[in-house]
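Inspection log for the structure reproduced underneath, given as structure tokens.
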Amino acid sequence: MKRFQPPIVAVFAILLTLPASVKVLSAQSLTENTVFQPTSTTGPSNIISANPFLPLFGYFSGEYEHRLKANLAFAISGSYIKFDARYTNLDAKIRLYPNDKALEGLGISASIGFARIQKNSGSFCEGVEACQELKQSFNTPSFAIGLDYQILLGKSRSTAITFGVGARRYLRGSREDYIDVERVVPTGRLSIGYGF
């Protein structure tokens, strides 16, 4: 029985069209895969934001954030707030944006900082009406983690609204320093900012 052998012209035609077919398929696959590629980052490269409500109560929270890469930003933040004591914090943060759109969407941050904690440690009285609160304060480094969601609004996407939660741990201080003061405190963020 004679084996079937394709005509030599057909083999050459297939070999000649193969590179062109591969080129068309690779171009098509690149076009389809651009959906899954990180989108180019548009919008502001910097955002300055603050909580607009805290100053009404005598406190403050603000942040400056700068985009480093498509998925990474650096921020400096400061806050002055009271819970069981008065906390003054200054932090340097690295924030990762998993969606590759830095300054927009979900952000996961870690920060190191410096804090001053001031608490009441009783009162001292001279006579009946001359009483004075005794305050004790100490300085300590701190570490914090946070989960934020930032929205950019407007045609120029220069208005930023941010919500976030996290936790902060104060790293140094004696056991007496933390009497009536929490060493680990929850953190929250609600801020409105300007992007440029």
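This is a predicted model, so every value here is computed, not measured.
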Nearest heavy-atom pair of Asn89 and Ala115: which atoms, and what distance? OD1-CB, 3.3 Å
Sorted by chain and residue number, the side chain to side chain contact (heavy atoms under 4.5 Å, CB included) partners of Asp148 (sequence neighbours excluded) come out as Arg95, Ser109, Thr162, Arg189
How long is the span from the CG atom in Leu72 to the CZ atom in Arg67, to the nearest 0.5 Å? 11.5 Å
Sequence neighbours left out, what pairs pass ring pair (Phe, Tyr, Trp, His ring centres under 6.0 Å) with at least one residue falling in residues 55-85? Tyr59-Tyr80
Going only through I, L, V, M, F, W and Y residues with side-chain contacts under 4.5 Å, is there a path from Leu106 to Leu68? no
May I have the step-by-step check of side-chain contact (heavy atoms from CB on, under 4.5 Å) for Asn71 and Leu96, ending in yes or no? CA-CA 6 Å; Asn71 65 343; Leu96 175 69; 3.9 Å; yes
Close side-chain approach of Ile81 to Arg86, heavy-atom, < 4.5 Å: no
Who are the side-chain hydrogen bond (donor to acceptor under 3.5 Å, both in side chains) partners of Thr88, not counting sequence neighbours? none
Give a yes or no on whether the ring-centroid distance for Tyr178 and Tyr170 is below 6.0 angstrom. no
Say you draw a straight line from CD1 of Ile48 to CD1 of Ile76; how long is it, rounded to the nearest 0.5 Å? 11.0 Å
Partners meeting side chain to side chain contact (heavy atoms under 4.5 Å, CB included) with Leu56 (sequence neighbours left out): none
Go through it in stages, so that I can follow the logic: the residues are Thr140 and Ile117, the test is side-chain contact (heavy atoms from CB on, under 4.5 Å), and I'd like the CA-CA distance, side-chain angles, deciding distance and then a yes or no. CA-CA 8 Å; Thr140 174; Ile117 300 175; 4.1 Å; yes
Would you check, one step at a time, whether the test side-chain contact (heavy atoms from CB on, under 4.5 Å) holds for Leu152 with Ile47? CA-CA 10 Å; Leu152 298 178; Ile47 292 178; 3.8 Å; yes
Would you say Leu54 and Val185 are hydrophobically clustered, going by side-chain heavy atoms of ILVMFWY under 4.5 Å? yes
For Leu190, give me all partners under side chain to side chain contact (heavy atoms under 4.5 Å, CB included), at least two apart in sequence or on another chain. Asn51, Phe53, Phe163
Test of understanding: with side chain to side chain contact (heavy atoms under 4.5 Å, CB included), list the residues that count as partners of Pro55, not counting sequence neighbours. none
To which residues is Phe114 joined in a hydrophobic cluster, defined by side-chain heavy-atom contacts under 4.5 Å among Ile, Leu, Val, Met, Phe, Trp and Tyr, whether direct or through other members? none
Would you say CD1 of Ile112 has more than 12 non-hydrogen atoms from neighbouring residues, nucleotides or ligands within 6.0 angstrom? no
Side-chain heavy-atom pair Asn46, Glu65 within 4.5 angstrom cut-off: no
Ser156 OG to Tyr194 OH distance, which is reported to the nearest 0.5 Å: 7.0 Å
Tell me whether Ile161 is reachable from Leu147 by hopping between hydrophobic residues (I, L, V, M, F, W, Y) whose side-chain heavy atoms are closer than 4.5 Å. yes
Going by the rule ring-ring contact (aromatic ring centres under 6.0 Å, His included), which residues pair with Tyr97 if we only count those two or more places apart in sequence or in a different chain? none
Heavy atoms of Ser49 and Ser191 approach each other most closely as OG-OG, 3.6 Å
Partners of Thr159 by side-chain hydrogen bond (donor to acceptor under 3.5 Å, both in side chains), sequence neighbours excluded? none
My understanding is that only residues two or more places apart in sequence, or in another chain, count here; which of them pass side-chain hydrogen bond (donor to acceptor under 3.5 Å, both in side chains) with Arg183? none
Would you say Glu104 and Asn99 are linked by a side-chain donor-acceptor pair, where the criterion is simply a distance under 3.5 Å? no
Worked check of salt bridge (Lys or Arg N to Asp or Glu O under 4.0 Å) between Arg168 and Asp91: CA-CA 11 Å; Arg168 179 189 309 278; Asp91 295 290; 2.9 Å; yes
Closest non-hydrogen atoms of Lys119 and Ala85, given as atom of the first, atom of the second and distance, are CB-CB, 3.9 Å
Minimum side-chain heavy-atom gap Lys93-Ser77 below 4.5 Å: yes
Among Ile, Leu, Val, Met, Phe, Trp and Tyr joined by side-chain contacts under 4.5 Å, find the other residues sharing a cluster with Val184 and list them by chain and number. none
Mind checking side-chain hydrogen bond (donor to acceptor under 3.5 Å, both in side chains) for Ser111 and listing every partner two or more places apart, or none if nothing turns up? none
For the pair Val181 and Tyr87, evaluate side-chain contact (heavy atoms from CB on, under 4.5 Å) and give the outcome as yes or no after the intermediate values. CA-CA 10 Å; Val181 176; Tyr87 298 90; 3.4 Å; yes
What closest approach, in Å, do Asn139 and Arg116 show between heavy atoms, and which atom pair accounts for it? OD1-NH1, 3.0 Å
